[in-house]
Protein chains: 6
Amino acid sequence: MSQLTHLDDQGHAHMVDVSEKAVTTREARACASIKMKPETLQMIVSGSHRKGDVMAVARIAGIQAAKRTSDLIPLCHPLMLSKVSVELEPDVEASLIRINTLCRLAGQTGVEMEALTAASVAALTLYDMCKAVDKGMQITDIRLLEKKGGKSGHWLAEDES
Amino acid sequence: MSQLTHLDDQGHAHMVDVSEKAVTTREARACASIKMKPETLQMIVSGSHRKGDVMAVARIAGIQAAKRTSDLIPLCHPLMLSKVSVELEPDVEASLIRINTLCRLAGQTGVEMEALTAASVAALTLYDMCKAVDKGMQITDIRLLEKKGGKSGHWLAEDES
Amino acid sequence: MSQLTHLDDQGHAHMVDVSEKAVTTREARACASIKMKPETLQMIVSGSHRKGDVMAVARIAGIQAAKRTSDLIPLCHPLMLSKVSVELEPDVEASLIRINTLCRLAGQTGVEMEALTAASVAALTLYDMCKAVDKGMQITDIRLLEKKGGKSGHWLAEDES
Amino acid sequence: MSQLTHLDDQGHAHMVDVSEKAVTTREARACASIKMKPETLQMIVSGSHRKGDVMAVARIAGIQAAKRTSDLIPLCHPLMLSKVSVELEPDVEASLIRINTLCRLAGQTGVEMEALTAASVAALTLYDMCKAVDKGMQITDIRLLEKKGGKSGHWLAEDES
Amino acid sequence: MSQLTHLDDQGHAHMVDVSEKAVTTREARACASIKMKPETLQMIVSGSHRKGDVMAVARIAGIQAAKRTSDLIPLCHPLMLSKVSVELEPDVEASLIRINTLCRLAGQTGVEMEALTAASVAALTLYDMCKAVDKGMQITDIRLLEKKGGKSGHWLAEDES
Amino acid sequence: MSQLTHLDDQGHAHMVDVSEKAVTTREARACASIKMKPETLQMIVSGSHRKGDVMAVARIAGIQAAKRTSDLIPLCHPLMLSKVSVELEPDVEASLIRINTLCRLAGQTGVEMEALTAASVAALTLYDMCKAVDKGMQITDIRLLEKKGGKSGHWLAEDES
């Protein structure tokens, strides 16, 4: 039967032993969305200069957060990401910005948490930059899209297959 | 007309000047939810020992993340939180755990981002602890519930009023 | 004759070159104790809820501190821990809580400092949580119990053999 | 009856509300000792150059750790230290180095944890610098010596009065 | 006669006591320059998209570094910046990018180090982004331009007056 | 034609994929200089005690900064340095202190940024320690001296060959 691996026999939190796991290329893709008022989205996407910096700040915040994941999530292993990308795509019709992240490394643990953390922090950064005009924004749909590598193999979210 | 205050006249990101703002007591409440399979939720809520540590790890991760907000969100001001709480409430019917956070300080800037960051990281930590059994969990509904203090005054989410 | 390896020929601090060292599995166990009044210990160990969170907070603080060792101890090498555990054991007779830590990795340097840092910070966290009722608590007996792997081989504290 | 203030009514960890506490000058003194072989101590205290850097590294590590206390100890409040000092005193007769720390600030919370953390990390840094020659060193007697300021007033360790 | 205030009577490093200093508005401006090949500069300034992100990444890195100054510079006091700006200005004739920073706060210590750190890290970030095409870039002329507030009063670099 | 590798096809910042790069020994040497008044330099170099701690603090700050490079420079990869050294050499005639740094690791990315960051932060730390007596100090000549290892091979600054 499957278990909560981050707890030992007594139910105590510990950092799982991965020292016997193989070093393989591991990759994860995740996403997040931030819903906002149409006029807030309009303010971000209009004007090339403005758009540039709002999007760039969120992208960079996401990349840096991926690198700090083991510092933020108590039982995550420290690891050396070999690639991180954070893409932001405005969806005017749905009045939201969709964030897609990708993390990769050659290592002993998966990078799902890194991809999810990058997406979350990029979304929070967008909230921060627009909160003066729209406090009701909502961050939603943070989830794993795909995971490759490691013993558990390939995993794909249902709507991605 | 309102503006994106984190960008200067040329659209460049900067950290807004708050040196002239009054020092007042400021407070923010935020929330997040993480949806999971019923059997995953069951695993967390059954067994007092287990529940203790899973919930405690998420709570502490959220509290610590609130303190690191200005390090994660590029244009946030550093500040000295005087209170942080993170509450987790399982909702068996909806098959999710709801996270409620509260941040407070006497200072020159609001603490919305701190409350939202605490909620997000607590949710990510729950994902991390349960991902071995349920990769399809989804973090959703991260938003501000209430904000008090400062020049912009009291703000309440529509469904909270 | 043996030397203080962290100083160069001129007595200047430097970070020792480990680039030629073999990557092997390395492990260290350390301990710490925190002595307190009997009634303070009683307050922690009685009541399952309370005990849960006090112990959990200390455990998690210790695990996270292990990951930050190279940030805290100036001449420590950054490394990627593959396992950390922090166990707390109340000893009612001696009126103390004993902390036992274990760190492991496959790498080029030992993990003694990580195990010692985890034990120290877990003890400091217990102090923090109980200081409102007992300022005279004393942290003592922080030391290495065992070290495995690497060129210097197996080392065992005298009272452990 | 006194309580563990870091736990709420349900026994859940939280960061205590200090927003109503007065801003006063607060000060704390703490200590730690590290016992070592006589020949290890001799190696540190002989040779002015060597001594300089070993002692300086430990002093600086202690000062920096004081500034990071709220990042290390989960329920500590972030605060702005206005003074930190870390003094190291070799005691050849007892074959140990004694560390004395002092922290001060004008703020809403005490600085006991900062003084204790500085002492602990200075001791760990000495261990790190000497571990190549003496793995059996023991860090001991980490405790608060004095606390001034704040509602709870003056507190002095018994052997300090 | 003036003294190196960061050393005590015995020449030991310590964090200077500022607890008696007045809380006043303090401000500092600093600069840095990074010299590069004309074709490297051309690559950055041509193409609006590219320019946007290169400049934005450097700006954000500088702002974040200002916030981490007390973590990087061992004897700096932690403080709460109320404003940070980092401006980059390409000088095609001199084949360099000039960086101008401004930091402000109401506090007990000056913010010179924060302004200088922001300028340095923004320059390092430009180096990082362009090093694949130009390893010979040189960062130069990092210095304080102006300092206002505090007991030592107004200071202006000679060529600024 | 060569490109700014840290930008993707659309000019967006990302962390370059190094997962296919070979793990080889990589090394970088960098330098920085800080110019000051002759009497400031005199104050540092005279008196063995003083010199000891001023130089030691700068050395340690440089070493620690090298370890935090990926946290400071947004698109740098996290990596595990196997050696860092920071040497400071007063040049009385030119009235400056010259800083030389060396970083090494076995990994998939070069360590130029680590060597440059160590040099910059060591120089900033010297500025901090002497700013009470000399605000006009200037940090200059931060540049790469040599780079070994990796696909791009050996690179030597012109005046070093």
Side-chain angles (χ1 to χ4, degrees), chain C residues 2-7 10-13 16 32 34 43-44 47-54 56-57 60-61 64-65 68-69 71-76 110 112-113 116-117 120-121 123-125 127-144 147 152 155 157-158, chain D residues 2-7 10-13 16 32 34 43-44 47-54 56-57 60-61 64-65 68-69 71-76 110 112-113 116-117 120-121 123-125 127-144 147 152 155 157-158:
Chain C
S2 59
Q3 280 179 302
L4 299 181
T5 52
H6 289 51
L7 301 179
Q10 298 167 274
H12 296 166
V16 176
I34 177 165
M43 209 173 275
I44 298 175
S48 64
H49 273 304
R50 293 199 159 169
K51 180 182 170 182
D53 258 21
V54 170
V57 177
I60 295 159
Q64 288 184 295
R68 270 178 224 153
T69 300
D71 213 43
L72 284 174
I73 312 293
L75 304 178
C76 270
E112 300 96 296
M113 292 316 302
L116 287 162
T117 301
S120 303
V121 172
L124 287 167
T125 300
Y127 187 99
D128 181 46
M129 298 194 81
C130 300
K131 70 178 192 290
V133 300
D134 188 359
K135 284 183 182 46
M137 285 173 291
Q138 186 184 359
I139 298 170
T140 187
D141 198 31
I142 302 179
R143 61 196 175 89
L144 189 65
K147 173 191 185 304
S152 71
W155 182 92
E158 284 183 21
Chain D
S2 59
Q3 280 180 303
L4 300 181
T5 52
H6 289 52
L7 302 180
Q10 297 168 276
H12 295 166
V16 176
I34 176 164
M43 208 172 277
I44 298 175
S48 64
H49 272 304
R50 292 201 161 167
K51 179 182 170 183
D53 258 23
V54 171
V57 176
I60 297 160
Q64 289 184 295
R68 270 178 225 151
T69 301
D71 213 43
L72 284 175
I73 312 294
L75 304 178
C76 270
E112 301 96 294
M113 292 316 301
L116 287 161
T117 301
S120 304
V121 172
L124 287 167
T125 300
Y127 187 98
D128 180 46
M129 297 193 81
C130 301
K131 70 178 192 290
V133 301
D134 189 359
K135 284 183 181 48
M137 285 174 292
Q138 187 185 358
I139 298 170
T140 187
D141 197 31
I142 302 179
R143 61 196 174 90
L144 189 63
K147 173 190 185 303
S152 71
W155 183 91
E158 285 184 21

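No hydrogens, no waters, no symmetry mates; every other heavy atom, side chains included, goes into these values. Naming: A, B, ... by sequence-line order, numbering from 1 per chain.
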Original post:
Hey, which of C:L116, C:I142, C:I73 is the one that makes side-chain contact (heavy atoms from CB on, under 4.5 Å) with D:Y127?
Top reply: C:L116
Subject >> Heavy-atom proximity to chain C below 4.5 Å, by part of D:A157 >> reply: neither
Original post:
With a 4.5 angstrom heavy-atom cut-off, which part of D:Q64 approaches chain C: side chain, backbone, both or neither?
Top reply: neither
Original post:
Are any of the side-chain heavy atoms of C:L72 and D:L124 separated by less than 4.5 Å?
Top reply: no
Original post:
Which bit of D:M129 comes within less than 4.5 Å of chain C, counting heavy atoms only: side chain, backbone, both or neither?
Top reply: both
**OP:** Identify which part of D:E158 has an atom lying under 4.5 Å from any heavy atom of chain C, answering side chain, backbone, both or neither.
**Re:** neither
**OP:** Taking the side chain as every heavy atom from C-beta outward, state whether C:K135 and D:K147 have any atom pair closer than 4.5 Å.
**Re:** yes
Original post:
Taking the side chain as C-beta and beyond, is there a heavy-atom pair between D:C76 and C:D128 under 4.5 Å?
Top reply: yes
Original post:
Of all heavy-atom pairs between D:T5 and C:A132, which one has the smallest distance, and what is that distance?
Top reply: OG1-CB, 3.8 Å
**OP:** For the pair D:T140 and C:D141, evaluate side-chain contact (heavy atoms from CB on, under 4.5 Å) and give the outcome as yes or no after the intermediate values.
**Re:** CA-CA 5 Å; D:T140 187; C:D141 198 31; 5.9 Å; no
Original post:
Which one of D:K131, D:H6, D:M137, D:E112 has the most heavy-atom pairs closer than 4.5 Å to chain C?
Top reply: D:H6
Original post:
Would C:S120 and D:S120 count as having a side-chain donor-acceptor pair, cut-off 3.5 Å?
Top reply: no
Subject >> Any side-chain heavy-atom pair of D:I139 and C:R143 under 4.5 Å >> reply: no
Subject >> Donor-acceptor under 3.5 Å (D:R68 side chain, C:D71 main chain) >> reply: yes
Subject >> Close side-chain approach of C:P74 to D:I60, heavy-atom, < 4.5 Å >> reply: no
